Amino acid sequence: MRFSHVSIGGGITGVETIISTFIDIQKKIKRLKKKKIKKIVFAIIDKDPDNIPGGVAYGFKNSQFGYFNNPIRLSPTQFIKWLKNKDNKKKIIKYLRLYGGYTGKEWIKKNTNILYSSKIKNINELYIPRAIANLWMEERLLWLISKIKKISKNKLIRFDLKFLKGEVIAIQDLKNTYHKIIFKNNYYETLKYKITKNSFKKISFIKDKIRNEPIFSKTQNIGLGLPPPKQLATTRAANNKYYIWDFYSQGATSNLIKKIIQLNKFKKKIKIYFIGYKAGLLESLPEIEKIIKKKKIKIEIMCSSSDLTSIQEAKLSLNKKSYKLQTLNKNKLLNINTAKKLYLYIIKEFEVSHSLGYKKYDAWTKILNNKILDKCIKKFSSNEKKKYFDFFFSKVRNITRFTYPETIIAREKLLKMKILKTKKENVKKVDSLRGKLIVITKIKNKNNNKYICDIVINVSGPLNVDTLKNEIPLIKNLKNNGAKILSGGFVINDSFKIVGTKNVYTPGILARGFNPERKTIIKAILQNSQKVGQSISKVLLKV
């Protein structure tokens with residue numbers, strides 16, 4: 001089979017890239033020769049069709065208890081508009097009632113009146129379930145399918161969209177117009193889809209045929225979601241069903257809760273170990289805290305990291321006037337001409353905000369609203385931009401990570417109840433013996449510690465492109481075939497094409513500097529995917 005473009009990964013990057021390509025081609029149709037009939041065939045490939053179109057991060061399957069780290073006001077404009085529709089507000093409530101667990105019911109009690117408030121300012125501060133983005137993207141995908149059907153009747157140009165299930169492990173450059181897409185075990189499934197009346201899953205996929213014939217494509221987009229953390233488990237431990245290596249792709253909090261319920265049937269007390277102290281741990285704590293109370297389950301939670309640095313609460317100061325920038329105001333921006341200065345000025349702004357009785361998040365909100373990072377980075381010389389991407393961006397990110405406040409509240413409750421205990425130490429290995437999981441840790445200049453646990457969850461943070469080896473075969477293949485890497489990510493051009501490849505794009509977290517202005521992830525990915533789509537349309541039309 002031959003395709004014009006293949007999206008490897010059926011999440012937001014995969015779907016939005018095709019939508020952007022389709023829209024851009026429509027704008028350029030008039031440039032085509034009238035007598036020439038052109039056919040453009042798109043394909044979306046995913047290991048798990050349930051991830052289409054939300055992906056692992058926003059998909060209905062894996063995001064059941066996850067909430068956005070940012071309030072509605074920082075979401076993409078088109079998504080905000082969709083959220084404020086009354087019918088879509090009803091979907092949020094209905095979703096939480098059916099799938100939101102105890103935390104969802106709590107959200108409904110606290111926020112229903114705010115959600116339906118006539119005051120836009122109140123609604124803008126709400127945090128909503130991540131899976132709601134899947135509903136929005138599903139509508140966009142259905143819009144694309146319907147448009148393709150209508151426009152394909154046009155004599156000038158025809159479109160088609162195919163769906164496939166399989167794991168792509170390599171992209172082979174054939175030194176001509178096409179690449180060969182290579183699958184694990186050399187086979188894949190073609191999928192049929194049907195439109196249902198289900199409020200939360202209007203499009204579902206059914207296996208059509210198993211195939212092993214080659215697939216070829218002119219352009220490729222890679223959106224594989226969040227890479228897994230480093231594998232610290234032995235083979236025995238990795239095969240233990242109570243060891244969770246890749247938290248988000250394995251079902252996140254929903255999967256963890258199921259395992260807790262299973263163990264509670266025959267254990268008086270459940271011992272859980274989290275390797276890591278940031279996002280993965282925090283996401284699961286509100287629901288765990290609730291089931292401990294509601295179901296009277298005895299749980300002991302241990303977590304560790306090298307420094308126990310966590311994410312901060314994304315909450316504005318109450319009963320205060322809106323914060324005004326002091327060190328990063330309009331007049332002083334002229335002085336910021338280096339990456340180091342930008343970093344130091346942000347730190348100074350946080351210090352000033354604290355001295356005036358505000359929170360860091362008040363200052364950070366103003367920095368985002370005023371697009372301070374974007375304004376400064378645009379003025380940097382090429383050398384300073386390189387310094388920012390290669391060194392200072394990670395430092396800026398580390399001091400500007402804020403999250404859904406309820407996760408921090410749950411953590412503090414569990415710490416106070418002495419259910420959650422923290423350790424400043426590194427995990428060396430996870431092993432398994434007689435069905436038990438054993439976590440072995442190391443503290444500098446001290447003997448190893450051993451913890452016998454019932455459940456172990458590795459949330460130590462995703463590997464970057466540089467450190468990924470066999471965990472994602474496709475990344476290894478691209479690296480081996482000349483894809484350029486710098487600062488832990490693929491080097492990309494202005495259109496997010498990977499340098500060192502021919503027509504292979506990646507607009508998400510695999511790209512070096514994919515979100516320098518620290519916008520919300522979904523907002524950055526949507527904007528980047530539009531650039532990818534515009535570039536791909538030029539390749540396909542040869543404009």
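As the structure is a prediction and not an experimental result, all values here were calculated from the model.
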Original post:
For the side chain to side chain contact (heavy atoms under 4.5 Å, CB included) test, which of L164, T190, L191 pairs with D208?
Top reply: T190

**OP:** Heavy atoms only: give me the nearest L282-S310 pair and the separation to one decimal.
**Re:** CD1-OG, 3.8 Å

Original post:
How far does CG of L285 sit from CZ of F65, to the nearest 0.5 angstrom?
Top reply: 13.5 Å

**OP:** Measure across I270 and I260 and return the closest heavy-atom pair with its distance rounded to 0.1 Å.
**Re:** CD1-O, 3.4 Å

Subject >> Sub-4.5 Å side-chain heavy-atom contact between Y388 and L373 >> reply: yes

Original post:
If you measure only the distance, is there a donor-acceptor pair under 3.5 Å linking the side chains of N198 and T196?
Top reply: no

Subject >> Set of salt bridge (charged side-chain N to carboxylate O under 4.0 Å, His left out) partners for R411, sequence neighbours left out >> reply: none

Subject >> Worked verdict on N124 versus K84 for side chain to side chain donor-acceptor pair (under 3.5 Å) >> reply: CA-CA 10 Å; N124 283 344; K84 291 179 178 176; 3.1 Å; yes

Subject >> Heavy-atom closest contact (V56 atom, N62 atom, distance) >> reply: O-CB, 3.7 Å

**OP:** For G513 and F389, work out which heavy atoms get closest and say how close.
**Re:** CA-CD2, 3.8 Å

Original post:
Just how far is it from atom CD1 of I311 to atom OG1 of T400, taken to the nearest 0.5 Å?
Top reply: 11.0 Å

Subject >> By salt bridge (charged side-chain N to carboxylate O under 4.0 Å, His left out) - contacts of R97 (at least two apart) >> reply: none

**OP:** Of all the heavy-atom pairs spanning Q231 and A233, show the shortest one and how long it is.
**Re:** OE1-N, 3.1 Å

Subject >> Neighbour count >12 (heavy atoms, 6.0 Å) for atom NZ, K201 >> reply: yes

Original post:
Near K89 NZ, under 6.0 Å, is it more than 12 heavy atoms from other residues, nucleotides or ligands?
Top reply: yes

Original post:
With a 3.5 Å cut-off and no angle check, do the side chains of S199 and K94 form a donor-acceptor pair?
Top reply: yes

Original post:
Of the non-hydrogen atoms in V427 and S304, which two are nearest, and what is the gap between them?
Top reply: CG2-OG, 3.6 Å

**OP:** Walk me through it: do S529 and E16 pass the test side chain to side chain donor-acceptor pair (under 3.5 Å)?
**Re:** CA-CA 6 Å; S529 296; E16 196 62 34; over 6 Å; no

Original post:
Just wondering, more than 12 heavy atoms not from K450 lying within 6.0 Å of its NZ?
Top reply: no

**OP:** Return the orientation label for the F79 and W136 ring planes: parallel under 30°, perpendicular over 60°, tilted otherwise.
**Re:** tilted

Original post:
What residues, two or more places apart in sequence or in another chain, satisfy salt bridge (charged side-chain N to carboxylate O under 4.0 Å, His left out) together with E517?
Top reply: K519

Subject >> Greater than 12 external heavy atoms within 6.0 Å of I440's CD1 >> reply: yes

Original post:
How about K290: does its NZ atom have over 12 heavy atoms from other parts shown lying under 6.0 Å from it?
Top reply: yes

**OP:** Could you check if a side-chain atom of I8 sits within less than 4.5 angstrom of a side-chain atom of I171, using non-hydrogen atoms only?
**Re:** yes

Original post:
Without hydrogens or angle criteria, can the side chains of T219 and N503 be said to hold a donor-acceptor pair below 3.5 Å?
Top reply: no

**OP:** Determine whether more than 12 heavy atoms belonging to other residues, nucleotides or ligands lie under 6.0 Å from atom NZ of K429.
**Re:** no

**OP:** Report yes if the side chains of Q312 and K359 come closer than 4.5 Å at any heavy-atom pair, otherwise no.
**Re:** no

Subject >> Chi angles and distances behind the side chain to side chain contact (heavy atoms under 4.5 Å, CB included) call for V456, I275 >> reply: CA-CA 8 Å; V456 176; I275 305 169; 3.9 Å; yes

Original post:
Looking at residues at least two apart in the chain, or sitting in another chain, which of them share a ring-ring contact (aromatic ring centres under 6.0 Å, His included) with Y248?
Top reply: none

Original post:
With sequence neighbours left out, which residue pairs that include part of residues 398-409 fulfil the salt bridge (charged side-chain N to carboxylate O under 4.0 Å, His left out) condition?
Top reply: K110-E406

Original post:
Hey, do the aromatic rings of Y127 and Y67 have their centres closer than 6.0 Å?
Top reply: no

Original post:
Hey, are K436 and D454 close enough for a salt bridge, meaning a charged N less than 4.0 Å from a carboxylate O?
Top reply: yes

Subject >> Charged N-O contact under 4.0 Å between K91 and E139 >> reply: yes

Subject >> CG-NZ distance between L474 and K184, expressed to the nearest 0.5 angstrom >> reply: 13.0 Å

Subject >> Other residues, nucleotides, ligands: >12 heavy atoms within 6.0 Å of K442 NZ >> reply: yes

Original post:
Distance from K165 atom NZ to F205 atom CZ, nearest 0.5 Å?
Top reply: 12.5 Å

**OP:** Give the ring-plane orientation class for Y193 versus F163, where under 30° counts as parallel, over 60° as perpendicular and anything between as tilted.
**Re:** perpendicular

**OP:** Report yes if the side chains of T403 and N69 come closer than 4.5 Å at any heavy-atom pair, otherwise no.
**Re:** yes

**OP:** Verify the neighbour count for atom NZ of K230: are there more than 12 heavy atoms of other residues, nucleotides or ligands below 6.0 Å?
**Re:** no

Subject >> Aromatic contact, F393 with F514 (centres under 6.0 Å) >> reply: no

Original post:
Can you tell me how far OG1 of T13 sits from CG of N221, rounded to the nearest 0.5 angstrom?
Top reply: 5.0 Å

Subject >> Sequence-distant partners of F200, ring-ring contact (aromatic ring centres under 6.0 Å, His included), two or more places apart >> reply: Y95, Y99

Subject >> Cation-pi geometry met for K531 and F496 (6.0 Å, 45°) >> reply: no

Subject >> Pair Q530, S20: side-chain N/O donor-acceptor within cut-off below 3.5 Å >> reply: no

**OP:** Could you check if a side-chain atom of Q220 sits within less than 4.5 angstrom of a side-chain atom of I181, using non-hydrogen atoms only?
**Re:** yes

Subject >> SB check K293 E289 (cutoff 4.0 Å) >> reply: yes

Subject >> N239 CG to T234 OG1 distance, which is reported to the nearest 0.5 Å >> reply: 8.5 Å

Subject >> Between Y505 and S535, a side-chain donor and acceptor under 3.5 Å >> reply: yes

Original post:
When you check the side-chain N and O atoms of S254 and Q64, is any donor under 3.5 Å from an acceptor?
Top reply: yes

Original post:
Are I472 and L463 close enough that some pair of their side-chain heavy atoms sits under 4.5 Å apart?
Top reply: no

Original post:
How about L437 and Y273: do any of their side-chain heavy atoms sit closer than 4.5 Å?
Top reply: no

